[in-house]
Amino acid sequence: MEIVKNDRQSFLKRTHTCGDLRSRNIGETVILNGWVDTRRDLGGVIFIDLRDRHGLTQIVFAPQHNEEIYRRAQAMRSEFVIAVKGVVDHRPDGTYNPNIPTGEVDVVVQELEILNKAETPPFHIQDRVEVSEDHRLRYRYIDLRRPVMRNNLIMRHTMAQAARRYFDEQDFIEIETPVLMKSTPEGARDFLVPSRINKGKFYALPQSPQTYKQILMVSGFDRYFQIVKCFRDEDLRADRQPEFTQIDVEMSFVEEEEVFTMAEGLMVHLLKEVLDIEFVAPFDRLTFKEAMERYGTDKPDRRFGLEIVTLSDLVQNVSFKVFSDTVANGGAVAGFVAPGCGSYTRNQLDNLVDLTKSLGAKGLVYIKVTENGFETPVQKFLSQDDLKTIAGATGAMVGDLILIVADTWKNCYSVLGDLRMEFGKRLDLIQKDTVDLHWVTEFPLFEWNEDDKRYYAMHHPFTSPRTEDIGKMKDSVEGVKARAYDLVMNGNEIAGGSIRIHTPDLQSLVFEKLGIGPQEAGEKFGFLLNAFKYGAPPHGGIAFGFDRLVMLFTGQKSIRDVIAFPKTSSGLSLMDGSPSDVDPDLLKELHIKIVK
């Protein structure tokens, strides 16, 4: 490739960005730097849209202005990096561009420097680009030039600065916590970092700053926050990355209400500052049980109806054994109405049954409500009175379709929750321009894992049980509720937190119920338990998923579109080729041997 040479030791330095110029600048001599976005040769005049992160400005090359510069401009192509000096002028009548802020003016070029040439980009630099995500990630430096990606990262910056201003005004202190820490079991796999100096020892990358922020409370820093990187070695999906960002918050001498007030204040502040949306606190609250039994999930999307109705009490004595036996065995029978879907064909209904089974249910009972009565495959097992009772309880009308699942409590409502979301999308019921924020509270403290035959902490092992449940924990953990809470926005969990345990005795009891004995607790959490012995205040906090929050504010469907350099769903960075092999000598220094 030809080397671009400049006549000067220093190039033309910009006086304005490509988003600055307006009619008030007409007649001024300006210098712009940027990339050639589009080029139009109209036979005697060349128009180029010059782009930087601030916007676009049209620049004009004509032989009557400067023959030599016009000739050089003919060789320029998309993504050349140039510097131009010229005079701001009115665009000719009829050529104004109302879609960009600089649309009233152009710059008649007097001087041109080609700072760098460019090969043809691997895809068009525009918002709607027909190219695979892998290709976009491989050429991320090109992808980030697209307006939508640029605007996403600018909004991310705006939100981070707004959050910092809010916490500063609320008398919080931003404190950094270590990236290399002790490996502690907190729910997901740790990323491990070998120590060269300490042979056979490993650091872990933090899944969250949980233990550090609790120690900061013990240290007397009663209002802490941090916008912090976290790392979890787990399977990925659209809203998960191996490294992600939290707004981490902790407060001393508080209970749930103070945390709620602080978190609601942040969301009201962000919505107003970033999106100019007025939202009023306090937010609605649902218990975990209410959320599951009405919406089938602990992060419900309430921007549409189709609420689930529990039918267990109504069908416990019917002759249809699938219903009555499920209730007798401690399970649940519930359903919801799909409005206007009573005309579904047999093939559509069979596909719906298959979908339900694929979601983990044993089956699906459907009831069509017609002008002539009810149609259902289980008609011979349910009387007309039974069907009328079910229709009345669900609010079904003629032309509707009732969908019912009978299963364990968790499976019944979880499957119905997935079906509810499916019909919300299928029937286009979700009000996408609506913002819904609410709390989910009173989670179980422990969650039984059938595969391991043991209890796990539903949130993390430092979450405090409700005071009234502590006494009964010594005998059984069934029914013990946590002082935990999640904040949900439009069907997405955007924040989660709890009031923490702050006494060594209670922390040791919770460890015991999780199968973590005194020796293991000492090895893994001894530093925290020791800290509690020296005057730990009552404390609690919350962590906001910052990537997910930005995703929702920008209207994107994946957090990969609001992170500058994300990984693929298999944890690969296609642009730089990580993870990659390393020099064997480096492995030797780290005392690591690869076993194939």
Side-chain angles (χ1 to χ4, degrees), residues 119 121-123 129 131-146 149-150 152-153 156-157 160 176-212 226-248 460 524 543-551 556-596:
E119 296 181 8
F123 49 83
V129 58
V131 64
S132 71
E133 185 181 44
D134 280 0
H135 206 52
R136 287 173 48 213
L137 292 176
R138 186 168 286 109
Y139 296 96
R140 191 61 163 183
Y141 41 85
I142 300 295
D143 192 42
L144 290 175
R145 296 180 191 177
R146 295 191 302 126
M149 297 301 296
R150 180 180 68 238
N152 287 348
L153 293 189
R156 185 185 179 105
H157 162 79
E176 294 182 44
T177 52
V179 173
L180 297 176
M181 64 174 290
K182 184 181 180 67
S183 178
T184 57
E186 291 186 34
R189 296 184 196 90
D190 283 330
F191 279 103
L192 299 177
V193 180
S195 171
R196 178 183 61 83
I197 299 171
N198 301 284
K199 183 178 179 180
K201 305 292 185 181
F202 292 82
Y203 301 102
L205 302 182
Q207 296 184 31
S208 77
Q210 183 62 48
T211 52
Y212 286 115
Q226 184 182 190
I227 299 180
V228 60
K229 279 284 187 212
C230 302
F231 307 86
R232 293 178 186 175
D233 186 9
E234 57 187 354
D235 295 335
L236 308 181
R237 55 178 187 258
D239 60 348
R240 290 271 176 92
Q241 283 281 293
E243 52 181 314
F244 58 96
T245 305
Q246 284 184 180
I247 305 177
D248 203 47
H460 56 63
K524 293 179 177 177
F544 288 81
F546 188 56
D547 308 299
R548 194 174 302 175
L549 204 55
V550 178
M551 179 187 77
Q556 301 301 307
K557 295 181 179 178
S558 168
I559 62 171
R560 289 193 288 272
D561 284 335
V562 298
I563 298 172
F565 302 106
K567 307 294 190 290
T568 67
S569 57
S570 54
L572 301 176
S573 175
L574 299 178
M575 185 187 72
D576 60 12
S578 64
S580 60
D581 295 330
V582 297
D583 190 315
D585 289 339
L586 179 58
L587 292 178
K588 188 175 181 180
E589 285 185 8
L590 294 171
H591 320 293
I592 292 176
K593 182 179 180 180
I594 303 297
V595 179
K596 296 184 178 180

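The shortest non-hydrogen separation linking Ala204 to Ser183 is CB-CA, 3.6 Å. Residue Tyr212 comes nearest to Leu180 through the heavy atom pair OH-O, 4.2 Å, listed as atom of the first residue, atom of the second, then distance. Of all heavy-atom pairs spanning Tyr141 and Met575, the tightest one is CD2-SD, 3.8 Å. Across all their heavy atoms, Pro209 and Val228 have their closest contact at CG-CG1, 3.8 Å. Scanning all heavy atoms of the two residues, the minimum distance from Met149 to Asp561 falls at CE-O, 3.5 Å. Between His591 and Ser195, the closest heavy-atom pair is CD2-O, 4.1 Å.
Using a cutoff of 4.0 Å between basic side-chain nitrogens and carboxylate oxygens, Arg140 and Asp576 are not scored as salt-bridged. Ion pairing between a basic and an acidic side chain is recognised when a charged N comes within 4.0 Å of a carboxylate O; Arg189 and Asp233 show no such pairing.
Side-chain contact between Leu572 and Pro579: present, with at least one pair of heavy atoms (C-beta onward) separated by less than 4.5 Å. The closest side-chain heavy-atom distance from Thr211 to Met181 is below 4.5 Å. Side-chain contact between Val193 and Leu205 is present, with heavy atoms from C-beta onward closer than 4.5 Å. Side-chain contact check for Pro206 versus Thr177: every heavy-atom pair is 4.5 Å or farther apart. Looking only at side-chain heavy atoms (C-beta outward), Val582 and Leu587 come within less than 4.5 Å of each other.
Of the inter-residue distances, the one linking Phe546 atom CZ with Asp248 atom CG reads 13.5 Å to the nearest 0.5 angstrom. Between the CG atom of Leu144 and the CZ atom of Arg136 there is a distance of 9.0 Å, given to the nearest 0.5 Å. Within the model, atoms OG1 of Thr245 and CD of Gln226 stand 10.5 Å from one another, a figure rounded to the nearest 0.5 Å. Arg560 CZ to Thr568 OG1: the interatomic distance, rounded to the nearest 0.5 Å, is 7.5 Å. Summarising the geometry, atom CG belonging to Leu590 is positioned 11.0 Å from atom CG belonging to Asp585; distances are rounded to the nearest 0.5 Å.
For Asp190 (side chain) and Leu192 (main-chain N/O), no donor-acceptor pair under 3.5 Å exists by modelled atom type.
Side-chain polar atoms of Ser573 and Lys567 form no donor-acceptor pair below 3.5 angstrom. Side-chain contact annotation: Ser208 with Gln246, donor-acceptor N/O pair under 3.5 Å absent.
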Next on the checklist: Does Ile563 form a side chain to side chain contact (heavy atoms under 4.5 Å, CB included) with Arg156? I'd like the steps, not just the answer.
Outcome noted: CA-CA 9 Å; Ile563 298 172; Arg156 185 185 179 105; 3.9 Å; yes
Under the criterion side chain to side chain contact (heavy atoms under 4.5 Å, CB included), I'd like the reasoning laid out for Gln241 against Asp547: C-alpha separation, chi angles, the key distance, then a yes or no. CA-CA 9 Å; Gln241 283 281 293; Asp547 308 299; over 6 Å; no
- Query: Going through the distances and angles, do Arg145 and Arg150 end up as a side chain to side chain contact (heavy atoms under 4.5 Å, CB included)?
  - Reply: CA-CA 6 Å; Arg145 296 180 191 177; Arg150 180 180 68 238; over 6 Å; no
- Evaluate side chain to side chain contact (heavy atoms under 4.5 Å, CB included) for Phe244 paired with Arg232, printing each intermediate quantity in order. CA-CA 8 Å; Phe244 58 96; Arg232 293 178 186 175; 3.6 Å; yes
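Atom OH of Tyr203 sits in a sparse spot, with 12 or fewer heavy atoms from other residues, nucleotides or ligands closer than 6.0 Å. Counting non-hydrogen atoms of other residues, nucleotides and ligands closer than 6.0 Å to CZ of Phe123 gives a total above 12. The environment of NZ in Lys229 is crowded: more than 12 heavy-atom neighbours from other residues, nucleotides or ligands sit within 6.0 Å. At most 12 non-hydrogen atoms from other residues, nucleotides or ligands lie less than 6.0 angstrom from CG of Asp581.
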